[in-house]
Amino acid sequence: MGTDVSYSIGDCIVYGCKGIFTISNIISDNIGNTGDRLYYVLTEVNSPTDLVIYVPYDADSLVSKMRKVLTKHQIEQIISSVEHTDDIWINDHKQRASQYEKILKEGNKENVLRVAKALALKKHALKSEKKKLSMTDERILSLAEEMLKDEFSFVLNIDKSDVVPYIIKNSSKK
């Protein structure tokens with residue numbers, strides 16, 4: 001296996017943009033008639049659908065989508081670092097949508113928070129002019145917030161509705 005991270009049964013991980021999962025098992029199986037292979041069995045945490053994903057242990061392109069959940073300290077560092085970085089607003093709406101969607105797909109929480117911050121600031125500025133964000137910007141903001149809420153609420157053991165207030169409160173600390 002080419003990845004540097006090893007995972008064990010019971011680890012909580014994020015799988016791409018799919019959400020938070022527990023590695024519930026590591027099995028050997030012949031899924032899809034590809035011969036016996038080892039698979040990580042991922043069970044979604046707090047899911048009403050009980051989603052289960054089988055990730056081939058030796059499929060680096062799929063295993064690379066897995067990462068351990070952030071720690072509380074890492075979340076606090078992300079919030080602090082975003083507070084002290086420049087806004088990433090892009091004026092051209094097509095370029096903005098393309099760039100922001102790419103950032104969401106990559107899943108780096110610091111960059112996702114930067115996107116959410118840029119869109120939230122623009123939304124606030126437009127509101128004072130009695131205008132609204134475009135539907136595309138609203139959709140991207142909603143996706144970014146959901147990505148942050150899922151992992152931050154899980155790690156911080158708070159309700160999803162408390163995540164944005166938590167970020168605001170902790171980003172204003174000096």
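Positions are given from 1, in the same order as the sequence printed here.
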Can a salt bridge be assigned to the pair Glu138 and Lys132 using a cut-off of 4.0 Å between side-chain N and carboxylate O?
no
Which residues share a side-chain contact (heavy atoms from CB on, under 4.5 Å) with Leu143, sequence neighbours left out:
Leu104, Arg139
Is the ring centre of Tyr57 less than 6.0 Å from the ring centre of Tyr39?
no
Check whether any side-chain heavy atom of His93 lies under 4.5 Å from a side-chain heavy atom of Ser134, and answer yes or no.
no
Could you point out which residue of Ile140, Asp137, Val115 forms a side chain to side chain contact (heavy atoms under 4.5 Å, CB included) with Arg96?
Asp137
Gap separating the CD1 atom of Ile53 from the OH atom of Tyr15, nearest 0.5 angstrom
6.0 Å
Under 3.5 Å, is there a donor-acceptor pair between the side chain of Asn111 and the main chain of Asn108?
no
Hey, what do you get for CG (Leu62) to CE (Met66), rounding to the nearest 0.5 Å?
10.0 Å
Quick check for you: to the nearest 0.5 Å, what is the distance between Leu113 atom CG and Glu145 atom CD?
10.0 Å
Output the distance between atom CG (Leu156) and atom CD (Glu151), rounded to the nearest 0.5 Å.
9.5 Å
Keeping Asn30 on the side-chain end and Gly35 on the backbone end, is there a donor-acceptor pair under 3.5 Å?
yes
Run the side-chain contact (heavy atoms from CB on, under 4.5 Å) test on Tyr100 and Leu119 for me, step by step, so that the C-alpha distance in whole Å, both residues' side-chain angles and the decisive distance to 0.1 Å come before the verdict.
CA-CA 10 Å; Tyr100 287 3; Leu119 289 169; 3.9 Å; yes
I'd like to check Ile13 versus Ile20 (side-chain heavy atoms, cut-off strictly below 4.5 Å). Are they in contact?
no
Counting only N and O atoms by type, is there a donor-acceptor contact under 3.5 Å from the side chain of Asn25 to the main-chain atoms of Ile27?
no
Walk me through whether Val52 and Glu44 qualify under side-chain contact (heavy atoms from CB on, under 4.5 Å).
CA-CA 6 Å; Val52 176; Glu44 191 170 21; over 6 Å; no
If you apply the rule salt bridge (charged side-chain N to carboxylate O under 4.0 Å, His left out), what do you find for Asp150 with Lys160, and how did you get there?
CA-CA 7 Å; Asp150 281 347; Lys160 285 184 180 185; 2.6 Å; yes
Quick one: do Ile158 and Ile75 end up in the same hydrophobic cluster if we chain Ile, Leu, Val, Met, Phe, Trp and Tyr together by side-chain heavy atoms under 4.5 Å apart?
yes
Which residues satisfy the side-chain contact (heavy atoms from CB on, under 4.5 Å) test with Asp92, sequence neighbours excluded?
Lys94, Gln95
Under 3.5 Å donor-acceptor, Glu106 side chain and Ile103 backbone:
no
Can you name the residues that form a side chain to side chain donor-acceptor pair (under 3.5 Å) with Tyr166, not counting sequence neighbours?
Glu76
Within the side chain of Ser24, is there an N or O that forms a donor-acceptor pair under 3.5 Å with the backbone of Val41?
yes
